[in-house]
Number of protein chains: 2
Amino acid sequence: MVTRERPTLEAVARRAGVSRATVSRVVNGSTTVAVAIRDAVKQAVEELGYVPNQAARSLVTQRTESIALILPETASRVFSDDLFFPAVIRGVSTELEAADKQLVLMMAGSAASHDRVERYAMAGHVDGVMFASMHGADPLPGTLARLGIPVVCSGRPMTPTELLVPYVDVDHLGGVAAAVRHLLATGRRRIATIAGPQDMVAGIDRLAGYRTALAEAGLPEQVAIGDFTRESGIRAMRVLLDGDPGLDAVFVASDMMAHGALQALRETGRRIPHDVAVIGFDDVEISRLSDPPLTTVRQPIVDMGRTMARQMLGVIDDRLDVPAAVVLPTELVVRASA
Amino acid sequence: MVTRERPTLEAVARRAGVSRATVSRVVNGSTTVAVAIRDAVKQAVEELGYVPNQAARSLVTQRTESIALILPETASRVFSDDLFFPAVIRGVSTELEAADKQLVLMMAGSAASHDRVERYAMAGHVDGVMFASMHGADPLPGTLARLGIPVVCSGRPMTPTELLVPYVDVDHLGGVAAAVRHLLATGRRRIATIAGPQDMVAGIDRLAGYRTALAEAGLPEQVAIGDFTRESGIRAMRVLLDGDPGLDAVFVASDMMAHGALQALRETGRRIPHDVAVIGFDDVEISRLSDPPLTTVRQPIVDMGRTMARQMLGVIDDRLDVPAAVVLPTELVVRASA
DNA sequence: ATGAAAGCGCTAACAG
DNA sequence: CTGTTAGCGCTTTCAT
């Protein structure tokens, strides 16, 4: 590897006939430098193509100007046709770009990579760590926070971590309530649900919302569990139909699963929404492209990413007005499927 | 920001009653350390929760153990429902994970971010830079390569950069030829194409393939240009139909555009493949889910990512057997649309 | 306003 | 096999 050696501060200083300290000042935009000298230095920087060595800089400043986003999922899951993660990344990315911070994206779907992430953060590679899509009571956010590393989560953490870590989440319960209300208002009475994984807050809260709403309406519940993927939606729908061939509606905790459910329903010859009404959750693109287009609970995924990133930037800059918890609204979007 | 100070080599050395050098040896797995001492050091490391400071380490080793993947696109493009980029990322990510290197993903859709990327690489933030989805004659790969930074590209570069930079690409021409042959064999004679953007090798090569194949068959060509997005596919298809309402086949340079083309064709009441046969390119998931399922030229996108990552690892390790150019095969996958 | 000097935490010769 | 020593390139007091 022929790494041509890059010019150092020292080289620039010699060329401009000043000290290293002065060059450093100019490079870092200090105002206390005489204009003539500043220009000379800038010219030397230009001529030599000088770029500060980040490792050296970080060593003394204790700052890297980069921030990690941890997705406790495999890469194949993050980059599947489920557009949830991409939307989070987009939001985060937008905010960090504006703040001139580098995003370091880390998938941590296995125990090994989970470890790697921990070491990575502890090695001071990044100034802060953001988590999205947390499963179970992941101790990592808390661990890092206790070590003094700024941590922010998307999705309410399931551990007392919440005391240490600011987070952003959406109003799952409100969204589900609106969905079930809509089903009731359109005359449905045998309303099943395909719930999300019960080791994730989004899965738990949406199921709780369904239960509450059905209890209030005095209707019996019918629950099948999926893992937010299309495949699991297909399977869960079949299970539900086995249990009650006469069900007339299903609330599905994610659009991907709802997409699977539509397929499973069509395969049995049922017409949607005539025989069975279907409502999803997310409002990712696929819900508009599905057949029929999906009525769904919109959650502002991109905004979650943006909000989380802003919280992180606030924490890093030691701003005191960083809200410990932000809950964004959800909204029912009615399309043909219900 | 309360960054509790982390223990240093020095602290571990004191606790274990040895020198810093010895601790460094143990931490880096040197075999020339007495077992007793090694254990003592390991214990001290454990007790103090020591993790090496990456900035300090990089400063002296000139290595960061991370590698950048540059996507010269906006984040919204990379993380849209086009699963091309995700597939590349997945491939890259798999290989780097195995090599215990950290992937740093950078979107560079604007001139500003293009600059940022350049500075980032030159600051020694990463050990190497991989490019995917290059537009036009981007000078950045060449620039970085000349500076001694290892560079690898996915997609044949359009500049003489190729002399400096290993790359991986797929057999565009072979794939297109197979597609057109299939159309001819099934009796189509008025074969149009929706080409990709003509500032990208994938766009150029696939159009060239179409032209060659039609010329050989002695048929007239009909070309509309898109930019690989679904929207542009819809528009291009309408243009083609305006030009020749009687066309009986269209080869589309990407599945996303083909998806759009299907929609545009259906809107005119045409039946597929009865009235018009459609063949796409990519074989991303959407081609199986579309209506009807899409006949398409499969390119091994994940493998491109993997191959590129392996080339990069080879270059970094100064291995001499790194191939300057790898061309992966493509393959026609016949489904209902043609 | 500028320079001198002291490290940041680590690795890698080189001695011993 | 282990310790001593000399930096890696930069920022930041502290003098001047």
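Quick caveat, the model's predicted, so the values are computed rather than measured. Reminder, nothing fancy here: chain letters follow the sequence lines and each chain counts from 1.
- At a threshold of 4.5 Å between non-hydrogen side-chain atoms, the residues A/Leu147 and A/Met122 count as touching.
- Separating the CZ atom of A/Arg14 from the P atom of C/dG3 is a distance of 15 Å, rounded to the nearest angstrom.
- When every heavy atom of B/Val302 is checked against every heavy atom of B/Arg90, the shortest pair comes out as CG2-NH2, 3.7 Å.
- With respect to the salt-bridge test (charged N to carboxylate O, under 4.0 angstrom), the residues A/Glu97 and B/Arg116 qualify.
- For C/dA1, the OP1/OP2 oxygens have no side-chain nitrogen or oxygen of A/Thr32 closer than 4.0 Å.
- Contact annotation: A/Ser19 side-chain N/O to C/dG3 OP1/OP2 distance is under 4.0 Å.
- Distance from the side chain of A/Arg20 is smallest to D/dT11 among D/dG9, D/dT11, C/dC10.
- Rounded to whole angstrom, the span from the CD atom of B/Gln62 across to the P atom of C/dT11 amounts to 14 Å.
- Minimum heavy-atom separation, B/Met106 to B/Val117: CE-CG2, 3.9 Å.
- Going from atom CG of B/Asn28 over to atom P of C/dA12 covers 7 Å, rounded to whole Å.
- For the OP1/OP2 pair of C/dC8 and a distance below 4.0 Å, the side-chain nitrogens and oxygens of B/Asn53 include no atom meeting the criterion.
- The side chain of B/Thr8 sits closest to C/dG9 out of C/dG9, D/dG3, D/dT2.
- In the set D/dT2, C/dA1, D/dT11, the nucleotide with an atom closest to the side chain of A/Ala34 is C/dA1.
- One finds a side-chain N or O of A/Ser24 lying less than 4.0 angstrom from the OP1 or OP2 phosphate oxygen of D/dT11.
- The A/Arg25 side chain lies nearest to C/dT2 when the options are C/dT2, D/dC10, C/dG9.
- Between the NE2 atom of A/His125 and the P atom of C/dC10 there is a distance of 13 Å, given to the nearest Å.
- The interatomic distance linking B/Leu9 (CG) with C/dG7 (P) rounds to 18 Å, in whole Å.
- For the pair B/Ile37 CD1 and D/dG3 C1', the computed distance is 10 Å after rounding to whole Å.
- If you measure from atom CD of A/Gln54 to atom C1' of D/dC8, you get 15 Å, rounded to the nearest angstrom.
- The interatomic distance linking B/Arg6 (CZ) with C/dC8 (P) rounds to 16 Å, in whole Å.
- Between B/Lys42 and B/Glu46 there is no salt bridge, since no side-chain nitrogen of the basic residue lies less than 4.0 Å from a carboxylate oxygen of the acidic one.
- Comparing C/dG9, C/dT11, D/dT12 by their closest approach to the side chain of A/Ala21 singles out D/dT12.
- Proximity note for B/Ala56 (side chain, C-beta onward) versus C/dC10, C/dA12, C/dG3: the nearest is C/dC10.
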